[in-house]
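Presented below is the structure to which this report refers.
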Amino acid sequence: MAALTLVQSVNLALARAMADDPRVLVLGEDVGIDGGVFRATDGLLARFGPERVLDTPLAELGIAGLAVGLAAQGFRPVAEIQFSGFVYPCIDQIMNHAARLRTRTHGRLSCPMVLRMPAGGGIRAVEHHSECPEAMFAHMPGLRVVVPASPARAYGLLLAAIRDPDPVIFLEPTRLYRAVREEVADDGAALPLDRAFSLRPGADITLIAWGGMVPEALAAAETLAAEGIDAGVIDLATLKPLDMETVLAEVARTGRCVIVQEAPVSGGLGAEVAAGIAERGLDQLLAPIRRLAPPDVVVPAPRLETAYLPDAARIAAAARETMAYT
Amino acid sequence: MAALTLVQSVNLALARAMADDPRVLVLGEDVGIDGGVFRATDGLLARFGPERVLDTPLAELGIAGLAVGLAAQGFRPVAEIQFSGFVYPCIDQIMNHAARLRTRTHGRLSCPMVLRMPAGGGIRAVEHHSECPEAMFAHMPGLRVVVPASPARAYGLLLAAIRDPDPVIFLEPTRLYRAVREEVADDGAALPLDRAFSLRPGADITLIAWGGMVPEALAAAETLAAEGIDAGVIDLATLKPLDMETVLAEVARTGRCVIVQEAPVSGGLGAEVAAGIAERGLDQLLAPIRRLAPPDVVVPAPRLETAYLPDAARIAAAARETMAYT
Amino acid sequence: MPATRIAARFEVRYTRLLDAEGKAAGPLPGFARDPAALVALYRAMVLTRTFDAKAIALQRTGRLGTYASSLGQEAVAVGAAAAMAPDDVLVPSFREHGAQLWRGVTLHELFLFWGGDERGNDFAGPREDFPISVPVGSHALHAAGVALAFKLRHEARAALCIFGDGATSKGDVAEAMNFAGVWTLPLVFVINNNGWAISVPRAAQSAAQTLAQKAVAAGIPGEQVDGNDVIAMRAATEAALAKARAGGGAHVIEALTYRLSDHTTADDASRYRSDAEVSQRWAEEPVARLRRHLEGAGLWDKAAEEALLHETAATVEEAASAYLATPAQAPDSMAAFTYAAWPAALAAQRAWFAPAPAGTEG
Amino acid sequence: MPATRIAARFEVRYTRLLDAEGKAAGPLPGFARDPAALVALYRAMVLTRTFDAKAIALQRTGRLGTYASSLGQEAVAVGAAAAMAPDDVLVPSFREHGAQLWRGVTLHELFLFWGGDERGNDFAGPREDFPISVPVGSHALHAAGVALAFKLRHEARAALCIFGDGATSKGDVAEAMNFAGVWTLPLVFVINNNGWAISVPRAAQSAAQTLAQKAVAAGIPGEQVDGNDVIAMRAATEAALAKARAGGGAHVIEALTYRLSDHTTADDASRYRSDAEVSQRWAEEPVARLRRHLEGAGLWDKAAEEALLHETAATVEEAASAYLATPAQAPDSMAAFTYAAWPAALAAQRAWFAPAPAGTEG
Ligand SMILES: Cc1ncc(C[n+]2csc(CCOP(=O)(O)OP(=O)(O)O)c2C)c(N)n1
Ligand SMILES: Cc1ncc(C[n+]2csc(CCOP(=O)(O)OP(=O)(O)O)c2C)c(N)n1
Ligand SMILES: [Mg+2]
Ligand SMILES: [Mg+2]
């Protein structure tokens with residue numbers, strides 16, 4: 001068992017899936033000899049050859065559409081989009097085709113593809129490189145949306161995504177690619193695709209996060225603990241379908257919650273979480289549901305990025321305010 | 001003053017805007033001699049000529065990108081997408097460019113364009129013709145999203161959208177194009193772009209809807225009135241920015257609400273409305289927030305459409321359940 | 001080395017084998033000397049046209065949804081499909097009823113689909129063929145994916161993708177052609193250039209002199225074929241598919257034809273084109289052309305024609321009746337194919353499909 | 001009429017005016033006989049290269065963001081921009097620092113942009129030029145919109161759009177070219193074919209023998225130019241722009257050059273190409289080529305060179321210092337340009353930008 005970074009565990013899961021199943025293909029821009037701009041596909045070309053690892057021309061729309069055709073033919077394409085800011089040309093193929101090929105043909109054809117990409121900010125990247133597109137995808141029936149927040153969860157969730165018979169959007173938090181190392185066993189064990197992870201129990205308040213915000217929420221919980229506030233942390237991990245049962249169970253216990261979202265506030269995934277609690281957990285609430293998310297502005301250029309992103313300090317402050325509500 | 005259908009009032013507003021402002025252009029597929037597949041642009045070519053009304057090649061991505069260039073140059077392009085199911089290729093241009101050109105250049109360039117299209121179901125159309133894409137757009141900073149629900153509101157809101165200095169997505173409920181007629185004065189008066197319309201006061205419960213669901217909500221309110229339930233109806237109309245003040249004021253009075261959404265439930269705009277109420281109006285709630293929306297399935301082919309769409313009966317039933325909550 | 005030199009040269013050829021009178025314009029391909037093969041093409045075109053007429057009639061009386069007629073373009077679809085091997089894969093647009101029928105999609109399935117029932121896409125016959133693509137041009141990429149699958153599995157199969165003149169303006173199509181070129185994919189693109197994209201004439205779609213030359217951008221060969229000449233269509237497609245299956249790569253065929261009908265039953269073409277233009281194009285239409293050829297070759301006569309029309313009408317009527325007698329599915333079927341299995345997390349949502357509570361109404 | 005005939009023919013020409021030694025390969029255009037014009041091109045290329053080196057140095061020391069070097073491709077950007085009239089509009093990709101500088105974007109603005117400050121896009125000079133486009137190829141459509149604006153206003157202006165060899169695979173670019181063709185737009189596309197799209201070599205990008213032939217799909221002329229020959233670049237672009245402004249329509253220029261640097265400062269090109277390949281291409285690079293030409297014409301010598309390098313270094317250093325001394329804006333500026341005016345409905349959101357409450361931390 002090795003201590004791996006998140007990007008290494010993505011690489012490990014890809015290699016594992018390819019070794020296990022000859023139908024699994026990797027394709028995308030620079031995924032071959034370059035090993036991907038973040039090295040997520042490093043070594044795969046050498047190991048599996050150019051018929052399993054395909055460097056594509058520069059065409060995201062095309063990559064998505066190709067994957068639909070490959071998947072309909074029984075392959076399990078795992079396509080990489082270089083940054084989530086370049087996934088928008090794929091939306092038409094994902095919405096109009098990938099997510100509904102099974103529905104349209106009453107199961108005759110299906111689309112077991114994975115579209116994986118780095119997502120989110122925190123790396124002071126140039127414009128268009130810090131997007132959080134999860135909410136768009138989480139509104140598309142027929143799709144699954146998965147966002148791992150640790151190396152081990154990345155491994156297990158990516159294996160599950162690749163094995164799933166339906167299309168999966170797999171968003172890898174760029175800022176976590178090399179942030180921490182974790183022991184990851186290459187045991188081929190997938191994680192469930194519809195289960196949130198309760199990372200830390202908490203009696204007083206529940207912090208709900210996903211992707212790059214999870215470590216911030218955990219840090220905030222530490223801070224709060226030192227102040228005598230017992231905050232629990234949930235990593236949603238699978239954003240579609242969303243495991244509201246876990247969320248509702250935790251929030252029912254604490255009666256208070258902060259939903260942490262990196263994307264601009266309006267219409268983000270946090271709204272769905274809040275709505276789900278408001279519909280089914282209202283009676284247990286001791287304080288208003290709190291969403292912590294940046295304003296409705298475009299992710300700023302790097303110099304102002306820190307002022308844009310939610311962080312542990314802001315999460316802790318929001319939790320304190322929510323605790324203060326009576 | 002004439003009694004107009006919604007599509008006629010769209011046509012009237014387009015003509016008015018073009019007559020008032022030489023920078024206004026209309027472009028899209030079949031908008032010229034054909035007058036648009038729904039006749040929204042009927043007569044404009046004859047009146048304003050081929051330099052103001054441009055039939056484009058069949059390329060939605062291109063139409064959106066062209067409009068960005070035209071708008072940056074000071075034109076006010078009003079581009080038509082033939083059906084909202086074909087707007088997905090535009091997402092990249094809207095998200096990565098139109099909505100952020102002002103931000104990126106610190107105001108040096110801007111993007112006063114309107115992308116208008118029929119949206120929603122209820123006309124038993126072939127697949128891909130009944131999409132409700134509002135939630136995707138309502139998550140994009142820098143954009144406005146507007147959905148009129150009556151001929152008069154269509155006229156005033158479209159004028160406002162065209163005059164607005166920023167990009168606006170204008171979704172016209174297909175099912176309402178010819179459903180009713182209303183007196184519409186061609187007075188050039190725009191409606192505000194950040195105000196919901198409280199269409200019917202109600203003491204007991206608030207029905208919140210937009211687009212094609214508004215007449216259904218009004219019909220449900222009639223039914224409920226006959227049963228002694230006084231239901232108010234809000235037409236959100238401007239979905240981004242969203243006028244939560246009006247919503248909160250109404251819900252504070254009634255303490256109960258049903259949010260009606262035509263799009264599949266998860267991650268729809270109704271989630272944002274629910275989240276806004278849960279954050280700021282929790283204390284006034286007498287019952288859980290109720291979202292009434294179809295399940296997370298692809299809009300079915302026409303034969304099953306009725307079983308998919310929310311309607312007055314379902315809205316009334318949801319309102320009764322919410323009223324029954326104690 | 002001079003300051004300027006030619007770096008590359010291209011040409012686009014045009015082929016017609018039967019003229020408008022049905023006379024051979026030169027030597028015909030082998031299959032055209034086989035009476036059974038010719039009659040099969042003729043029967044398929046007549047069936048397509050009969051289906052078309054019935055579909056329009058059903059739509060006009062409210063028993064079918066909006067429908068896209070293929071009137072006048074039967075040779076494109078039938079000729080191309082007739083060139084396919086059974087295990088090739090068809091990735092069609094929405095005007096290739098003739099190709100779908102040739103491939104084994106049933107009339108009943110076609111009626112179901114256009115009648116608004118997804119079961120119409122669950123073809124019992126060609127299980128790997130794609131359903132029609134309503135979003136124009138977006139399916140060209142699926143065809144590239146399918147062709148790539150064949151290539152990666154080292155199968156001697158090819159994909160055939162059909163779309164219209166309007167579709168050639170879409171970036172999807174350009175990307176698909178580029179993939180097909182750079183990876184030498186076994187993929188044949190057939191452009192049904194019927195002169196119009198709803199109200200937009202071909203000339204307003206692109207300044208390209210031919211649409212076949214879209215292929216040049218992708219480094220693959222492109223040619224024009226008389227799309228009202230089913231023999232030329234089948235011959236050209238056969239050659240292209242054979243080359244593709246043999247590893248020779250992709251090919252573009254621009255079929256020059258004409259949309260004799262409105263765009264769909266929701267369209268009124270008289271708003272944007274003259275009756276005179278349409279009448280004139282009737283002289284070129286493919287069904288009469290092949291009939292004249294068959295007659296000239298002594299393979300067809302009035303009796304054969306009447307028998308065929310009679311038989312075809314009966315077949316189509318029978319399928320239409322069966323379609324009309326097919327009840328809609330239960331609402332819950334909507335959720336049956338969203339995912340391989342409906343997610344447990346969404347279990348409660350299915351209550352939506354329960355029958356409406358009796359005695360209440362809105 | 002025979003069964004088959006040629007329907008259309010195309011060719012792509014290649015032009016180089018200076019060989020790698022800087023010797024004229026034939027008669028030179030008028031401007032090349034004007035010493036001031038040639039020296040201006042040279043100075044601009046040197047300035048670009050000096051800026052480039054400084055940007056990389058700043059990035060390496062953590063004082064600039066990821067940066068895309070234009071090393072070896074200076075002639076493409078400078079030659080094309082030098083052909084523009086001031087009121088033409090430049091719609092660049094991210095590797096055309098030389099073009100932006102020629103147009104009047106300041107070094108300070110460039111440093112700000114690459115340093116992560118949007119004020120760098122608020123050009124004081126060319127107010128109508130677009131900021132660089134990070135999403136590859138997506139700006140080609142903006143250029144079409146800009147060119148359409150000129151045409152609709154009957155202005156004798158043109159748009160110039162630059163992108164890479166990789167970008168030619170994107171559907172946006174194909175759609176933009178098609179618009180430019182069918183509407184005879186005053187628009188010149190310059191393809192900076194530097195041989196690589198990150199790790200993907202030109203040959204893996206498309207089977208097209210030339211990228212200039214992407215134009216054929218759109219019915220517009222396409223040509224290849226030696227992109228390391230700034231005289232040929234300027235001449236070809238000048239001719240194309242003049243034609244465009246005169247109503248003659250769009251044009252595609254494929255500039256053949258080479259990316260001598262890594263893709264960006266985040267890239268390590270040694271992973272996917274050999275040093276030998278790179279060394280070999282140094283022999284063709286544009287700055288030395290023009291210097292040799294100037295020297296051959298007696299217009300340049302060692303003293304002039306040293307003076308220029310000295311002056312350029314000082315200019316760049318000064319701009320870099322000014323950039324480093326420019327404080328970041330207040331957080332609230334993030335909301336200043338989201339809309340023309342921040343919507344009242346979102347007023348409360350701005351609290352996010354208030355300074356963090358003192359004494360608390362996370
Ligand atoms: C992406 C997209 N945009 C618009 C439409 C609406 N539409 C349906 S058919 C059509 C014209 C298609 O023209 P062409 O490609 O020539 O095919 P034809 O209809 O002539 O067979 C249009 C605009 C669509 N279905 N898909
Ligand atoms: C749409 C999109 N996809 C991917 C990227 C990431 N990326 C940045 S530059 C580049 C390669 C571009 O190649 P080319 O067009 O040849 O331009 P060059 O970098 O060689 O100047 C890629 C893939 C991007 N910026 N935009
Ligand atoms: Mg057509
Ligand atoms: Mg390149």
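As the structure is a computational prediction, the values presented were derived from the model and not from experiment. Protein chains get the first letters and strands the later ones, always in sequence-line order, with residue 1 at the start of each.
Chain D forms more heavy-atom pairs under 4.5 Å with one residue of C:Gln213, C:Lys214, C:Glu11 than with any other, namely C:Gln213. Across C:Ala24, C:Ala8, C:Ala232, the residue that shares the most heavy-atom pairs under 4.5 angstrom with chain D is C:Ala8. Put simply, of C:Asp229, C:Val173, C:Val12, the one with the most heavy-atom pairs under 4.5 Å next to chain D is C:Val12. Of all the listed residues (D:Ser206, D:Ala174, D:Gly26), the one sharing the greatest number of non-hydrogen pairs under 4.5 Å with chain C is D:Ser206. For chain D, the option among C:Arg9, C:Gln224, C:Glu175 with the highest count of heavy-atom pairs below 4.5 Å is C:Glu175.
Heavy atoms closer than 4.5 Å to chain D are found nowhere in C:Ala215, neither backbone nor side chain. For C:Ala218, the part lying near chain D is the backbone, with the side chain staying farther off; criterion is any non-hydrogen pair under 4.5 Å. For C:Ser169, the parts sitting under 4.5 Å from any heavy atom of chain D are the backbone and the side chain alike. Proximity to chain D (any heavy atom under 4.5 Å) is restricted, for C:Ala203, to the backbone atoms N, CA, C and O. Looking at C:Gln205, the atoms closer than 4.5 Å to chain D (heavy atoms on both sides) all sit in the backbone: N, CA, C or O.
Among all heavy-atom pairs drawn from D:Ala208 and C:Ala217, the shortest one is CB-O, 3.5 Å.
Of the inter-residue distances, the one linking C:Arg5 atom CZ with D:Thr15 atom OG1 reads 9.0 Å to the nearest 0.5 angstrom.
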